[in-house]
Amino acid sequence: MAYASYGGAAYDDDSYDDRPEFRDGLRDIQQQDPGYDASTHVPDVVKTFVAYLYRHIREKNVYEIHQMYEGSFQKLSERMFKQSPWPTAEAIASYVENDHVFCLLYKEMWFRHLYAKLTPTLEQRFESWDNYCNLFQVILHGNVNMQLPNQWLWDMVDEFIYQFQSFCQYRAKLKSKSDQELLLLRQYNEIWNVYGVLNYLQALIDKSMIIQILEQEKDGSVTFTATDGYDYHGGSNVLKVLGYFSIIGLLRVHCLLGDYHSGLKCLTPIDINQHGVFSTIIGCHITAIYYYGFANLMMRRYIDAIRAFNQVLLYILKTKQYHQKLPQFDQILKKNEQMYALLAICLSLCPHGKLVEENVNNQLREKYADKMQRMQRSDEALFDELFSFACPKFITPAPPNYEELINYNQDAYRLQLKLFLSEMRQQQLISSIRSFLKLYSTISIAKLASFMELDEAGLRMALLTYKHKTHVVDYDGSILSNADVDFYIDGDMVHIADNKVTRRFGDYFVRHIIKFEEIINDLDRVQLDSV
Amino acid sequence: MEQLVALNPYNPDILPELESYVHEQVISQMYSLDANLCLLRLYQFEPGRLNIHVVSRILVKALMALPASDFNLCMFLIPERLQLEEPFLTLATLAHFLETARFREFWDEAARNRDILEVVPGFEQAIQGYAIHVLSLTYQRLPRHVLAEAINVEGLSLDKYLDHQVKSNGWSLERVHGGQVLVVLPPNEHNHPVLKKNATDSIPLEHVAKLFPVLT
């Protein structure tokens, strides 16, 4: 291992972060001039960075890899590559023994940085697809013996889908494309092809056998979650954990395509209500719950959505201070806001306030108290506003019709919005029915109809709609009610069900009687000293 | 077929099989949401191969699956401009009527569009089943005319229908003041909330038993 020759003999401590240039706060590092040639000039700091990273990967020092990946890479990017790309893989290859796999990993980081700080060209989009293909091929078919931090593996899946999304959005804007670009797009239509993306994710799931592993874990024959997916017997966590994260990846892609049922179906091997490897990475936890909740919202399963959003919003509230330094903190905040909006929508349609924890509820009230009231009065513009703010960036997966040079990148979003709003319109009367029902224990059809300014037939239909919309068909075919106020009709009378939870006085008294009896017995036993 | 879909969820080659499976579902009165969503997904990826007749049948089958929200799930995958054309416009209208319990309007519109609906056997019965379902969630006893409108059956046919339900499904009929006939639906936890209530106000004997030493 010739690492000692990189960086000089003075730096033989293991930790990259202990290096002098970092201790001095990167003072002496110059910002790279955007005009510099990334393909030839390699700053010394980068030379040592890749050398150390390469060494740590070879030695499977997961902790150090993580420090360098999350910490040093960000610091150097901030200081030196704020608006320019890192040196190319070709340029640094000689410092890492031209290791093929390392270069693929380096390029993965390289492209992620590029997409985040700059706008990739069409050629660069093609290349980043190529890189993911090569990387996944190696992982699927080679026998990689690395252990990488789960954070990085999650970021790979996350970024892969993000770049796919970005490409679909880019491709859908045909108006401003040059002839050259259009030609290239037409010619290379297998690049960022939706089949490719889905099949890679599926391949990672299949090859890693992660579904079977999660099954077998339940009876203890296999450990996966207990070790956070890491392999402590000399093996590799890469394929298994990528397979695991691909499950969440598929949920996300299906939601972006509008197929909520299939998305939730893909997620079934993971129990979202329990701790799992997904909850160890904040970005993964949030993504999983966000899409799970959104899918349930679109399928009218409001209670499931509320529970999920509540769970993760509470988690974010409690742990926000620890995540402030993370590079993805902005993303976390954005998703946080979006989920409050979605929670507000859900609670306006299905007011089960008890399901929301107190602190989350306070935050919700602060942001949306007024808007929730208006949504309960069926303010369609507000539903539009919140939905548009909080929804995922839907995509149109099909290649464009190159004969028609229009921008159609908003089409997918418009369809989902339209269907969502028509559902809101169908549920329009439910809120007012609910508020009337709360006031009575029985009321005649005629009287309620006059209050609601409907004719009797219209009221009967509205009441049936209420029942239909609040009673969801569960996965096993049974009917679950998510109504907070329920009723039945007997002939011409509406009887409202008394849902008040009866105070359990009996238990309370029993407990206290016994307690006092104990106290009295203790007092009896006390011997007072005679003076 | 379920196996085929499970093993090839993202494979355009199975498109012809999925299409013939839709026809099979129609003929033999079976139904598979997963297979149909898979097909709609492939159509989404390759709009040139989309077959309007197949999609129309999928949507009719989805309507028959009410109260499940299958119809909406399918609509999420069909491009907007297609939804503005026939027969999708009519099917969306029919779905809207059913979702908002506008049964009178539904049956009227359905009668005007027999050609789309009659190709799928079992449609009428399925919708009647949905209507009964919603009525059962809501009513303990309902006026005869409400039932008639919901299932689109009147007169002698309705008498026969009620007869059958009384004999096999636990329905009964009641005559009330004014000569009106009420149809009594079987009790379930949704139209009889009492059935659902937990006995939260009663105390188990064991808890009270703890008090016995104190009382003596």
Side-chain angles (χ1 to χ4, degrees), chain A residues 193-195 198-199 202 254 257-262 265 298-300 396-398 401 411 414-416 418-419 422-423 426 457 460-469 471-473 477 479 481 486-492 495 497-499 501-507 510-511 513-514 517, chain B residues 9-12 33-34 37-38 40-41 44-47 67-70 72-73 75-81 83 92 96 99-104 133-135 137-143 146 149-150 176 180 182 189-194 196-197 200-203 207-208 210-211 213-214:
Chain A
N193 184 295
V194 66
Y195 285 118
L198 286 168
N199 281 314
Q202 188 65 46
H254 280 295
L257 298 171
D259 191 349
Y260 307 109
H261 176 89
S262 305
K265 196 150 184 237
M298 296 304 270
M299 291 179 69
R300 298 209 309 250
T396 307
N401 174 8
D411 282 7
R414 272 208 303 265
L415 173 64
Q416 301 299 315
K418 179 173 159 188
L419 292 171
S422 79
E423 177 68 37
Q426 286 177 356
R460 284 186 193 274
M461 291 193 289
L463 291 172
L464 286 172
T465 308
Y466 181 99
K467 279 285 193 173
H468 168 58
K469 293 292 188 187
H471 287 67
V472 196
V473 183
I479 305 289
S481 164
D486 215 346
F487 66 91
Y488 65 89
I489 308 179
D490 189 16
D492 283 331
H495 297 256
D498 178 21
N499 256 359
V501 176
T502 19
R503 303 278 303 275
R504 301 178 64 118
F505 295 116
D507 272 336
V510 167
R511 241 188 6 256
I513 290 172
I514 294 179
E517 199 44 41
Chain B
Y10 318 115
N11 184 351
L33 176 66
D34 286 324
L37 284 177
C38 186
L40 289 175
R41 185 161 62 226
Q44 204 189 25
F45 299 167
E46 292 176 81
S69 54
D70 294 7
N72 294 340
L73 295 178
M75 290 296 259
F76 286 131
L77 298 175
I78 299 172
E80 190 178 350
R81 43 166 184 76
Q83 289 189 24
H96 176 77
E99 286 278 341
T100 51
R102 290 179 156 81
F103 291 112
R104 171 81 277 132
H133 159 83
V134 183
L135 292 172
L137 289 179
T138 318
Y139 285 95
Q140 283 188 0
R141 294 184 299 175
L142 71 153
V146 172
E149 188 177 271
V176 290
Q180 199 190 35
L182 289 180
E189 66 178 289
H190 302 291
N191 62 10
H192 277 75
V194 238
K196 185 164 50 171
K197 224 163 128 181
T200 50
D201 50 347
S202 59
I203 307 176
H207 290 195
V208 180
K210 289 190 229 156
L211 287 178
V214 179

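Below, chains carry the letters A, B, ... as their sequence lines are ordered, and counting in each starts from 1.
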Measure up the B:Tyr10 and A:His254 rings against each other and bin them: parallel (under 30°), tilted (30 to 60°), perpendicular (over 60°). tilted

Are side-chain heavy atoms of B:Met75 and A:Leu415 found at a separation under 4.5 Å? no

Can you confirm whether A:Arg300 sits close enough to B:Asn72 that some side-chain heavy atom of one is under 4.5 Å from a side-chain heavy atom of the other? yes

Hey, are the side chains of B:Thr138 and A:Phe487 touching, using non-hydrogen atoms and a 4.5 Å cut-off? yes

Which atoms form the tightest heavy-atom contact between B:Phe45 and A:Pro397, and what is the distance? CD2-CG, 3.6 Å

Within the 4.5 Å heavy-atom criterion, are A:Met461 and B:Thr100 side-chain neighbours or not? no

About how many Å separate CG of A:Leu419 and CD1 of B:Ile78, when rounded to the nearest 0.5 Å? 9.5 Å

Part of A:Tyr466 within contact of chain B (heavy atom distance under 4.5 Å): neither

Name all residues meeting the side chain to side chain donor-acceptor pair (under 3.5 Å) criterion together with A:Thr465; count only those two or more places apart in sequence or in a different chain, and write none if there are none. none

Side chain, backbone, both or neither: which part of A:Gln426 has an atom under 4.5 Å from a heavy atom of chain B? both

Taking side chain as C-beta onward, heavy atoms only, is B:Phe103 less than 4.5 Å from A:Arg460? no

Which one of B:Leu33, B:Leu182, B:Leu40, B:Leu142 has the most heavy-atom pairs closer than 4.5 Å to chain A? B:Leu33

